[in-house]
There are 2 protein chains.
Amino acid sequence: MTTVLIADDDHLMRAGLVAVLESDQEIEVVGQAATGREAVALTRRRQPDVVLMDVQMPDLDGIAATRELTGASPAARVLILTTFEEDDYIFGGLRAGASGFLLKRTRPEELIRAVHTIAAGESLLSPSVTRRVIDRMAGHAGPQIPADQSAIEDLTPREREVLEMLAGGLSNAEIAAALVIEESTVKTHVKRILMKLELRDRVQAVIFAYEHGLRARRQDAERR
Amino acid sequence: MTTVLIADDDHLMRAGLVAVLESDQEIEVVGQAATGREAVALTRRRQPDVVLMDVQMPDLDGIAATRELTGASPAARVLILTTFEEDDYIFGGLRAGASGFLLKRTRPEELIRAVHTIAAGESLLSPSVTRRVIDRMAGHAGPQIPADQSAIEDLTPREREVLEMLAGGLSNAEIAAALVIEESTVKTHVKRILMKLELRDRVQAVIFAYEHGLRARRQDAERR
DNA sequence: TGTGTCGTCCCCCCAAGGGGGGACATTTCG
DNA sequence: CGAAATGTCCCCCCTTGGGGGGACGACACA
């Protein structure tokens, strides 16, 4: 049995969703919310397998609610449901931790399948959304992944930290200053990073960091 | 009627695919290829709506074949079909211009639906693949729109070219070799790039390139 | 208690990169 | 036509970065 929570500010839409979902023997709607806050609160109490989340809602929109949910209870799997194919929604939602993104014009059977898919831990997007995501990826994702995500775990926490700063564009001296250690120590860390990841120089390390989604949390990484 | 071309080096697999696809009244298999080159050649002649492309093939793999196809005839829509969920395959394939990515363990009905979806101009990914794509996006889709795309246009075409290679991890010497010019010239270009973009060193240039979605088209950018 | 990992720091050396110029041929364009 | 932009190449000089070591204290784990 898959439990679902519905979050949508439109009564009719909620009724429709309930009707569709309950038509499937293996789905049970365990709660309904009309605002983002309600959705967050109810999810915490009911612990549904899947949250069907509308984007436009008063008080806290679906994206923000998703962010809260996935931050608080990572087990929650959110399927965002919306009328519009807005890029902001799509990328915002996915970055907020949503597992899927469906347009409301999706047919009932699709929706049911989607819920099961999400509940199973997989992800899914509407076809037209997929197109956009792929385009975006192709745009600024590098060529093939360096293939060895393995090596990243060889790095010690400190080394990872240095790698992130390095990927933020900082020089060895700047990293040293920021971490309050000697530059020679930074050089040692960099040396080991390059060795472990089998990279030639810091430039390739930056690329590696980007390709693997590592990113500096910088507010620095400034122009000169 | 949707026309499909099948590219797979495995006879049995081809037979299976044909059987499945032809079970649908609206799909017609108009060609079969056992190698990447064959796939490219046949696609050019038969002009199928959709190309079902295996990744592992002798002579020219599915990714490379897809790249050629989409480069030459942008109308071709490629659905990559593979047994493995390798990141290299997935991202390589999508960047090569594929419209979708399915695992071979997909059920027959799914495959048929997928072909129709692709033929309709939409895109689609296997659920587990979708997961990876989303993760990747979330990981390094930056704080959208870097806001200052301005300076990029100050670069001359040549400078842009050098910047891309630089962002591919190449050293000045390697860039010189690739462009068949002197290293001193490359240094001049790099110098001007840094000046125009107000960056300190090549590391920051790499970051700039990534943040602005510029990427090298290389096949090199190798480890040491 | 020893062995290992981690983080810190040091040395020397040399290659690579970047800053400051200048020069010259082609092409573009007003 | 003359000026500006572009791409090519050169010089000198100095800073940065990377490679090869070695060392030592803190802590964990067996």
Side-chain angles (χ1 to χ4, degrees), chain A residues 146 150-210 214 216 218 220-224, chain B residues 150-210 214 216-218 220-224:
Chain A
S150 49
I152 243 186
E153 284 120 33
D154 287 358
L155 298 184
T156 68
R158 194 54 154 180
E159 285 163 355
R160 242 184 296 258
E161 198 177 357
V162 170
L163 175 55
E164 282 180 17
M165 305 188 74
L166 193 157
L170 304 189
S171 66
N172 288 339
E174 288 167 333
I175 296 175
L179 297 180
V180 201
I181 55 179
E182 290 303 307
E183 188 180 338
S184 66
T185 306
V186 175
K187 289 183 79 170
T188 302
H189 286 312
V190 172
K191 217 182 302 186
R192 299 211 179 117
I193 291 170
L194 297 182
M195 220 174 14
K196 289 185 180 176
L197 302 182
E198 294 179 80
L199 301 169
R200 186 175 57 189
D201 52 39
R202 65 206 289 103
V203 168
Q204 300 201 341
V206 171
I207 294 171
F208 181 94
Y210 268 84
L214 264 165
R218 43 72 170 253
D220 34 337
E222 268 334 294
R223 309 316 184 61
R224 79 178 67 235
Chain B
S150 51
I152 255 188
E153 281 119 34
D154 288 359
L155 299 185
T156 68
R158 194 56 154 180
E159 286 164 354
R160 242 183 296 258
E161 198 177 356
V162 170
L163 175 55
E164 283 180 16
M165 304 187 74
L166 193 158
L170 303 190
S171 66
N172 288 339
E174 288 167 333
I175 296 175
L179 297 180
V180 201
I181 55 180
E182 290 303 307
E183 187 179 340
S184 66
T185 306
V186 175
K187 289 182 82 169
T188 302
H189 287 311
V190 173
K191 217 183 301 186
R192 299 214 179 112
I193 291 169
L194 297 182
M195 225 178 7
K196 289 184 180 176
L197 302 182
E198 295 180 78
L199 301 170
R200 187 174 57 190
D201 52 38
R202 66 203 293 105
V203 169
Q204 299 201 341
V206 172
I207 294 171
F208 181 94
Y210 268 85
L214 265 163
R217 31 177 160 274
R218 44 52 177 259
D220 31 338
E222 268 334 295
R223 306 320 184 61
R224 78 181 65 234

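What you see is a predicted model, and the numbers here were worked out from it, not measured in a lab. Chain naming here is simple, since letters A, B, ... match the order of the sequence lines and numbering starts at 1 in each.
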Would you give a per-nucleotide map of nucleotides 22-30 of chain C, 5' to 3', where B means the base has a protein non-hydrogen atom under 4.0 Å away, S means only the sugar-phosphate does, and - means neither? ---------
Integer-rounded Å distance: [N] [atom2] and [X] [atom1]:
X: B:Glu159; N: D:dG7; atom1: CD; atom2: P; answer: 6 Å
X: B:Ile193; N: D:dT8; atom1: CD1; atom2: P; answer: 12 Å
X: B:Arg160; N: D:dG7; atom1: CZ; atom2: C1'; answer: 15 Å
X: A:Leu163; N: D:dG17; atom1: CG; atom2: P; answer: 15 Å
X: B:Gln204; N: C:dG19; atom1: CD; atom2: C1'; answer: 16 Å
X: B:Lys191; N: C:dA16; atom1: NZ; atom2: P; answer: 17 Å
X: B:Met195; N: C:dG19; atom1: CE; atom2: P; answer: 9 Å
X: B:Leu194; N: C:dG20; atom1: CG; atom2: C1'; answer: 14 Å

Using only atom types and a distance under 3.5 Å, with no angle test, would you say the side chain of A:Glu159 pairs donor to acceptor with the backbone of A:Ile193? no
Tell me which pairs pass salt bridge (Lys or Arg N to Asp or Glu O under 4.0 Å) where either residue lies in residues 179-193 of chain B, with sequence neighbours left out. none
Any chance you could measure B:Thr156, atom OG1, to B:His189, atom NE2, to the nearest 0.5 Å?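 Result: 7.0 Å between the selected atoms.
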Sorted by position of nearest nucleotide on DNA chain C, 5' first, the leading residue of A:Pro157 and B:Arg202 is A:Pro157
For nucleotides 24-30 of chain D, print each protein N/O atom paired with a nucleotide N/O atom at under 3.5 Å, atom names and distance only.
none

Minimum-distance pair of heavy atoms, taken over all atoms of A:Val203 and B:Leu166: CG1-O, 3.9 Å
How close do B:Ala205 and B:Leu194 get, counting heavy atoms only, and between which atoms?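 B:Ala205 and B:Leu194 have their closest heavy atoms at CB-CD2, 4.1 Å.
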For B:Arg158, salt bridge (Lys or Arg N to Asp or Glu O under 4.0 Å) partners two or more places apart: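 With sequence neighbours excluded, B:Arg158 shows a salt bridge (Lys or Arg N to Asp or Glu O under 4.0 Å) to B:Glu161, given in chain and number order.
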Under the side chain to side chain contact (heavy atoms under 4.5 Å, CB included) criterion, do A:Leu155 and A:Leu197 qualify, and how do the steps go? CA-CA 9 Å; A:Leu155 298 184; A:Leu197 302 182; 4.3 Å; yes
Members of residues 171-185 of chain A that approach DNA chain D, where some heavy atom sits under 4.0 Å away: A:Ser171, A:Asn172
When you get a sec, tell me which of C:dG7, C:dG21, D:dG18 is the closest nucleotide to the side chain of A:His189?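 For A:His189, the side-chain atoms sit closest to C:dG7.
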List, one per line, each side-chain donor-acceptor pair under 3.5 Å for residues 170-180 of chain A, sequence neighbours excluded.
unit_1   : atom_1 : unit_2   : atom_2 : d
A:Ser171 : OG     : A:Glu174 : N      : 3.2
A:Ser171 : OG     : A:Glu174 : OE1    : 3.4
A:Asn172 : OD1    : A:Arg202 : NH1    : 3.1
A:Asn172 : OD1    : A:Arg202 : NH2    : 3.3
A:Glu174 : OE1    : A:Ser171 : N      : 2.8
A:Glu174 : OE1    : B:Arg200 : NH1    : 3.1
A:Glu174 : OE1    : B:Arg200 : NH2    : 2.7
A:Glu174 : OE2    : B:Arg200 : NH1    : 2.5

To the nearest 10°, give me the bend of the helix from C:dT1-D:dA30 to C:dG30-D:dC1, comparing the axes of its five terminal pairs at either end.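 Nearest ten degrees gives 50° for this helix.
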